[in-house]
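Counting convention: from 1, in listed order, for ligands and their atoms alike. As the structure is a computational prediction, the values presented were derived from the model and not from experiment.
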Amino acid sequence: MRASLCILGIETSCDDTGIALYDAEKGLLAHILHSQTDLVTQYGGVVPELASRDHLCRLLPLVRHVIGEAGLVPQDISAVAYTAGPGLAGALLVGAAFGRSLAWAWNIPAIEVHHMEGHLLAPLLEPNPPKFPFLALLVSGGHTMLVSVTEMGQYELLGESLDDAAGEAFDKTAKLLGLGFPGGPAIAHWAKQAQAGKFVFPRPMTNKNNKKSTLDFSFSGLKTAVRLAWESSDQTDQTRANIAHAFQEAVVDTLVLKCQRALQFTGLTRLVIAGGVSANQLLREKLNKLQGTTVYYPRLAFCTDNGAMIAYAGYRRFIMGDIKQTLGFQVRARWPLTAI
Ligand code: KG4
Ligand code: ZN
């Protein structure tokens, strides 16, 4: 007999296979992640077909692992939550088909989870979680969004990137400088060896004030500025570090300024930062200095893609009654957060 509500979470939206078990009473029971870093490094980026095939190989052993680690048997699981979008269609389909099949075989409900809602709720897995309402800055490889969160599922998009996401800008800049993948940690690492002030890059779309549109972002011009600086430089390791430093400063300053404006605009005093770029230490340091604001982050392992955030978001959706009992399913490569 099931002791309490226990959700299996499955994340396969891009190049990470994440599996976790979340229990309504005991919290997170177990989680595991397989990142396709070797594949991505070998091919110079995520190849959707290879990502899908890799998920297929990883899912079953990882699910067995977390169930074993939690000391459970499949009969203890109450529902299966999986990422239904947004993300790479093939990768999502693997997780969705697998999740739905498990739910069918175990005769339990399935729950579709929005990947960005997973990120947004990840800080709620930590001690002293934020209370609603709050402002959320979601900064990942695929998205850069400022969201006003009134309640679970009540989201208003205040601003988003008009072109590259912040994480994508980190990845592309790191690739240009030959720093490896993923770009965010590589840039942060190289920036530590920099001579500060050798380069200064623009803080895009920050010069207007007091208008909602100024809460949007644009990082493609910054990327071009970095490319021009790199191509006309001596291309030494010191220059690599100097450019990495100036780039990181520009992105972080831009994100911090937009958060500050959105906090003023909404009157909110709690700020949640999630998604891969929320692991950035400089961003954390600068946000922590915002006066009158309490900032909440996921632990580092749950900033980037993971199964725990999907299990938890699935749990929150389950108690709202948002479950699927039928066999048919669809995934959404594009899926606005406000359309859940
Ligand atoms: O959330 P995530 O794992 O995947 C998506 O949903 O996109 O985010 C991955 C992104 C990558 O672009 C990576 O470079 C960035 O997060 N990232 C960082 C850091 N760690 C990961 N960016 C800046 N600083 C970091 N420390
Ligand atoms: Zn993500």
Within-shell test, Ala279 vs ligand 1, heavy atom, strictly < 4.0 Å: yes
Salt-bridge present (Arg58, Asp54; N to O < 4.0 Å): yes
Glu117 bridged to Arg316 by N-O distance under 4.0 Å: no
Positive for side chain to side chain donor-acceptor pair (under 3.5 Å) with Asn280, one of Lys286, Glu285, Gln248: Gln248
Cys14 heavy atom under 4.0 Å from ligand 1: no
Where ligand 1 meets Gly141 - atom numbers and elements under 4.0 angstrom, heavy-atom basis: 5 (C), 7 (O), 8 (O), 9 (C), 10 (C), 12 (O)
Proximal atoms of ligand 1 relative to His119 (non-hydrogen, under 4.0 Å): 1 (O), 6 (O)
Aromatic ring pairing Tyr315/Tyr312, orientation class (parallel under 30°, perpendicular over 60°, tilted between): tilted
Min heavy-atom dist His115 to ligand 1 below 4.0 Å: yes
Modelled atom types, side-chain donor and acceptor of Tyr297 and Asn288, under 3.5 Å: yes
Protein heavy-atom partner closest to atom 24 (N) of ligand 1 - residue, atom, separation in Å: Asn280 ND2, 3.0 Å
Metal proximity, His143 vs the Zn ion (ligand 2), N/O/S cut-off 2.8 Å: no
Which residue and heavy atom of the protein sit nearest atom 21 (C) of ligand 1, plus the separation: Gly276 O, 3.4 Å
Identified ring-ring contact (aromatic ring centres under 6.0 Å, His included) partner of Trp335 from the options His114, His115, His143: His114
Top protein contact for atom 3 (O) of ligand 1, by heavy-atom distance: Asp305 N, 2.9 Å
Leu72/Cys6 under side chain to side chain contact (heavy atoms under 4.5 Å, CB included): CA gap, chis, key distance, verdict: CA-CA 10 Å; Leu72 301 183; Cys6 181; 3.9 Å; yes
Protein contact to atom 22 (N) of ligand 1 [nearest heavy atom, distance to 0.1 Å]: Gly184 CA, 3.2 Å
The Zn ion (ligand 2) - name of the N/O/S atom of Asp305 that sits closest to it: OD1
Where ligand 1 meets Gly142 - atom numbers and elements under 4.0 angstrom, heavy-atom basis: 7 (O)
Residue and atom name of the nearest protein heavy atom (relative to atom 14 (O) of ligand 1), distance in Å to one decimal: Asp171 OD1, 2.7 Å
Residue His115, metal the Zn ion (ligand 2), N/O/S under 2.8 Å: yes
Arg64 atom CZ, over 12 foreign heavy atoms within 6.0 Å: no
Lys NZ or Arg CZ of Lys258 over Phe217 ring: under 6.0 Å, within 45°: yes
